[in-house]
Amino acid sequence: MHTKNSTCIKNLVTNGTSYRWFRSEASAYAELIGIYARDGALHQGKKLHAHLITTGLYRFTHIATNLITFYACCGQLSHARKLFDKIPQTNVHRYIALIGTCARCGFYDHALAVFSEMQATQMLNTHSIFVIPSVLKACSHVGDRVTGEKIHGLVLKCSFDVDAFVNSALIVMYSKCERVEEACKVFDGMPVKDLVSLNAVVSGCAQLGLSNEALSLVRSMELHGLKPNIVTWNILISGFAQKCDLAMVSEIFSLMVEDGIEPDVVSWTSVISGFVHNFRNEEALNTFKQMLGHMLCPTSNTISTLLPACATAARMRHGKEIHGYALVIGVEEDIYVRSALVDMYAKCGFISEARTLFYKMPEKNTVTWNSIIFGYANHGYCEEAIELFNQMEVEGRAKLDHLTFTAALTACSHAGEIELGQRLFEVMQEKYSIEPRLEHYACMVDLFGRAGKIDEAYCIIKTMPIEPDLFVWGALLAACRNHGNAELAEVAAQHLLKLEPESSGNRLLLSSVYADAGKWGKVEGIKKTIKKGRHRKFQGLSWIDNI
DNA sequence: GTAGGGTTAG
């Protein structure tokens with residue numbers, strides 16, 4: 001198939017009968033490129049691309065469009081772009097294909113950039129309605145409400161607002177940008193409401209914690225003939241589960257069964273997710289067992305949701321069991337599962353298991369790298385953590401984010417690498433445009449503080465553009481106590497107390513600081529305050545006496 | 001081209 005002579009084929013194009021054959025051949029290739037794109041089979045796709053050039057089949061515009069999609073799908077954006085620019089007549093279809101693929105594969109910024117270029121070419125017309133949902137999806141993911149609203153304006157101008165796909169995408173965009181009222185307005189304005197748009201608006205409410213409103217909406221729509229499907233019920237379960245409203249979760253399970261719809265693996269995974277996010281690990285594990293009892297097979301999503309519930313030494317046994325389970329059901333190689341496993345082993349103190357798994361991974365993302373770097377840094381292997389950070393940067397395949405720098409700065413401060421830490425703090429802002437967050441400032445205070453450079457540490461606090469929190473002042477206090485700076489210790493402890501006035505722990509800390517400085521009068525004063533606080537607390541419970 | 005569950009955080 002790949003050995004056809006190009007001259008022969010070019011000749012065929014001029015012949016009517018053969019041209020038809022040639023076209024069907026092209027369609028078969030177009031389908032094959034689609035399969036390679038779906039599977040991310042870059043190598044095979046490239047070979048096919050070469051073949052298409054030599055045979056001349058490349059001249060079919062839809063083949064070229066599919067190749068662009070293929071490269072974008074495989075993450076080769078610049079390659080996709082080169083092809084796009086090479087083709088002399090850029091048409092609407094090709095723009096739609098490129099934008100759609102970028103949006104589908106997670107290259108949201110790129111999708112938006114290409115769309116604005118498309119707008120500049122005046123190529124937007126009544127056919128370009130198909131591009132609107134993709135662009136709105138990109139806006140939803142990056143939280144770009146301003147562009148989303150502009151597109152809404154365009155939708156109204158072009159009378160695209162009758163289209164169900166467009167409306168659903170608008171609802172999602174407003175929901176993700178936390179404008180649930182706007183989302184509802186779009187839904188209310190729809191002449192004919194479909195289930196997808198209902199689910200979109202229900203999801204918008206549920207994700208913002210308005211689960212009861214979401215349920216009422218479903219109920220009211222039922223009266224208008226829109227019957228909820230399993231997606232609707234799962235959205236509601238997810239909303240109530242995140243709030244750990246177990247009564248409502250079980251109510252929805254009953255309603256589903258009444259409706260003749262059986263809860264599926266997504267329903268159960270949502271419940272597990274709710275427990276894990278609320279640190280109710282035991283209940284998460286029990287729910288998992290219950291799910292297995294219903295003969296439902298977990299997916300990679302279920303496993304990666306559950307694994308963080310085992311990320312403490314006490315639950316290591318469960319973690320290993322789930323790891324074994326993931327192997328049996330064939331999801332252990334999933335990048336989310338692997339990253340969660342790396343993190344779990346590292347947190348449980350089994351750093352060598354974490355490392356073995358990490359190096360076995362053919363593809364690693366930001367979370368994978370961050371997990372292993374944190375793992376090393378938190379277990380005192382700071383040099384290894386810094387080494388891995390460098391490796392991540394050199395390899396350049398995963399994007400460094402604010403957590404990568406938190407992990408690296410933690411390693412620097414534990415290892416006493418002041419200069420490197422300072423350099424990374426600058427690199428983070430200048431090269432990666434990541435604004436320092438509180439945790440980064442806490443790391444910097446810790447970095448100087450541990451090395452006894454208390455004045456530098458305090459200088460960071462005084463000049464930082466955001467309000468320091470408990471961890472920042474806590475780092476300064478620890479440094480002051482370790483290096484005997486009673487004066488600044490008092491300042492730090494006072495701030496801690498101001499941030500958490502109810503905490504008797506902070507009061508005790510302050511009294512220790514005074515004791516260190518020999519200010520015994522002040523120590524007594526604090527002790528009295530603590531006693532008074534206790535007294536007040538018991539007074540608040542005086543109704544006990546009346547029982 | 002639109003709707004449901006996923007991994008890292010001092």
Side-chain angles (χ1 to χ4, degrees), chain A residues 96-97 99-101 103-104 128-137 140 160 163-173 175 187 194-204 206-207 228-239 241-242 263-274 276-277 291 298-308 311 331 334-344 346-347 364-375 377-378 398 401-407 409-410 413 437-443 445-446 469-472 474-475:
Chain A
I96 295 173
I99 295 168
T101 311
R104 209 171 45 247
S128 34
I129 186 167
F130 295 108
V131 85
I132 303 293
S134 302
V135 185
L136 286 170
K137 185 182 181 174
S140 309
F160 290 161
D163 186 88
F165 280 73
V166 169
N167 281 318
S168 297
L170 276 172
I171 293 169
V172 173
M173 184 275 294
S175 302
F187 182 69
D194 69 343
L195 197 49
V196 176
S197 56
L198 171 68
N199 288 346
V201 79
V202 170
S203 174
Q207 277 164 20
N229 63 2
I230 193 158
V231 175
T232 323
W233 295 122
N234 283 344
I235 292 166
L236 293 171
I237 289 173
S238 170
Q242 290 302 320
D264 66 358
V265 62
V266 177
S267 328
W268 286 91
T269 304
S270 303
V271 181
I272 295 170
S273 167
V276 173
H277 284 134
M291 178 189 139
T299 63
S300 57
N301 291 38
T302 323
I303 302 294
S304 56
T305 304
L306 183 61
L307 278 170
V331 301
D334 179 271
I335 193 158
Y336 285 86
V337 171
R338 275 282 174 86
S339 302
L341 281 169
V342 166
D343 189 63
M344 182 206 64
K347 283 208 178 104
K364 303 169 183 80
N365 62 20
T366 306
V367 179
T368 328
W369 282 100
N370 290 355
S371 297
I372 195 81
I373 299 172
F374 267 120
N378 289 334
D401 70 0
H402 69 105
L403 287 176
T404 318
F405 282 95
T406 307
L409 289 173
T410 305
S413 78
R437 302 187 182 194
L438 284 165
E439 56 265 36
H440 300 120
Y441 285 109
C443 284
V445 171
D446 197 48
D469 69 347
L470 289 170
F471 293 98
V472 176

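For clarity, every value in this text was computed on a predicted model and none was experimentally measured. Chain naming here is simple, since letters A, B, ... match the order of the sequence lines and numbering starts at 1 in each.
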Review point. When you measure from the side chain of A:F374, which nucleotide among B:dT7, B:dA9, B:dG5 comes out closest?
Key: B:dA9

Check your understanding: side chain to side chain contact (heavy atoms under 4.5 Å, CB included) between A:E439 and A:F471: does it pass, once the steps are laid out?
Key -> CA-CA 7 Å; A:E439 56 265 36; A:F471 293 98; over 6 Å; no

Point to revise | Side-chain donor/acceptor contact of A:S267 with base of B:dG5 under 3.5 Å | key: no

Review point. Reckon A:A164 touches a base, only the sugar-phosphate, or nothing at all at heavy-atom distances under 4.0 Å?
Key: base

Check your understanding: What's the verdict on side chain to side chain contact (heavy atoms under 4.5 Å, CB included) for A:L195 and A:T232, showing C-alpha distance, side-chain angles and the deciding distance?
Key -> CA-CA 8 Å; A:L195 197 49; A:T232 323; 4.1 Å; yes

Exercise for review: Can you tell me the distance, in whole Å, between the CD1 atom of A:I373 and the C1' atom of B:dG10?
Suggested key: 16 Å

Exercise for review: May I ask you to say what A:I235 touches in the nucleic acid, namely base, sugar-phosphate or nothing, with a heavy-atom cut-off under 4.0 Å?
Suggested key: sugar-phosphate

Check your understanding: OP1 or OP2 of B:dT2 sitting under 4.0 Å from any side-chain N/O of A:K137?
Key -> yes

Review point. Between B:dG10, B:dG6, B:dA9, which nucleotide has the shortest distance from any of its atoms to the side chain of A:D469?
Key: B:dG10

Check your understanding: Reckon A:I132 touches a base, only the sugar-phosphate, or nothing at all at heavy-atom distances under 4.0 Å?
Key -> nothing

Check your understanding: With sugar-phosphate meaning primed atoms plus P, OP1 and OP2, does A:L438 contact a base, only sugar-phosphate, or nothing at under 4.0 Å between heavy atoms?
Key -> base

Exercise for review: Would you classify A:N167 as touching base, sugar-phosphate or nothing, given that sugar-phosphate means primed atoms plus P, OP1 and OP2, and contacts are heavy atoms under 4.0 Å?
Suggested key: nothing

Practice item. Among the candidates B:dG5, B:dT7, B:dA3, find the nucleotide nearest to the side-chain atoms of A:V196. Key: B:dA3

Check your understanding: Can you tell me if A:S270 and A:S273 form a side-chain donor-acceptor pair at under 3.5 Å?
Key -> no

**Study point:** Proximity to the side chain of A:I129 - top-ranked nucleotide from B:dG5, B:dG1, B:dT8
**Key:** B:dG1

Check your understanding: At under 4.0 Å between heavy atoms, what does A:V271 touch on the DNA or RNA strands: base, sugar-phosphate, or nothing?
Key -> nothing

**Study point:** Pair of N/O donor and acceptor under 3.5 Å linking B:dG5 base with A:D264 side chain
**Key:** no

**Study point:** Under-3.5 Å donor-acceptor pair between A:S270 side chain and B:dG5 base
**Key:** no

**Study point:** Residue-phosphate contact under 4.0 Å: A:K364 side-chain N/O, B:dT7 OP1/OP2
**Key:** no

**Study point:** Separation of atom CG in A:D343 from atom C1' in B:dT8, rounded to whole Å
**Key:** 6 Å

Point to revise | Selection from B:dA3, B:dG5, B:dT8 that lies nearest to any side-chain heavy atom of A:V265 | key: B:dG5

Check your understanding: Which part of the nucleic acid does A:H277 contact within heavy-atom distance under 4.0 Å: base, sugar-phosphate only, or nothing?
Key -> sugar-phosphate

Check your understanding: Where the side chain of A:N199 is concerned, which of B:dG5, B:dG6, B:dA3 is the nearest nucleotide?
Key -> B:dA3

Check your understanding: Could you go step by step and tell me if A:L403 and A:F374 meet the side chain to side chain contact (heavy atoms under 4.5 Å, CB included) rule?
Key -> CA-CA 9 Å; A:L403 287 176; A:F374 267 120; 4.2 Å; yes

Practice item. Quickly work out the A:D163 CG to B:dA3 P distance and round it to whole Å. Key: 14 Å

Practice item. Could you tell me whether the side chain of A:D334 has a donor or acceptor atom within less than 3.5 Å of a complementary atom in the base of B:dG6? Key: yes

Check your understanding: How is A:T404 classified with respect to the nucleic acid when contacts are heavy atoms under 4.0 Å: base, sugar-phosphate, or nothing?
Key -> nothing

Study note, to complete from the structure: Of the listed B:dA9, B:dG1, B:dA3, the closest approach to the A:F130 side chain comes from B:dG1

Review point. Rounding to a whole Å, what distance do you find between A:Q207:CD and B:dG6:C1'?
Key: 14 Å

Check your understanding: If you round to the nearest 0.5 Å, how far is CG of A:D194 from OG of A:S168?
Key -> 5.0 Å

**Study point:** Student check: side-chain heavy atoms of A:P308 and A:D343 closer than 4.5 Å
**Key:** no

Check your understanding: Do A:S300 and B:dG6 share a donor-acceptor pair, side chain to base, under 3.5 Å?
Key -> yes

Review point. Could a donor-acceptor pair under 3.5 angstrom be found where the side chain of A:S304 meets the base of B:dT7?
Key: no

Practice item. Just call it for A:T410: base, sugar-phosphate, or nothing, with non-hydrogen atoms closer than 4.0 Å on any strand. Key: nothing

Review point. Roughly how far apart are A:I373 CD1 and A:F405 CZ, rounded to 0.5 Å?
Key: 9.5 Å

**Study point:** A:F165-B:dG1 aromatic stacking (under 5.5 Å, under 30°)
**Key:** yes

Check your understanding: What's the closest nucleotide to the A:V266 side chain, out of B:dG5, B:dG1, B:dT8?
Key -> B:dG5

Exercise for review: Give a yes/no answer on whether the side chain of A:S273 brings an N or O atom under 4.0 Å of OP1 or OP2 in B:dG6.
Suggested key: yes

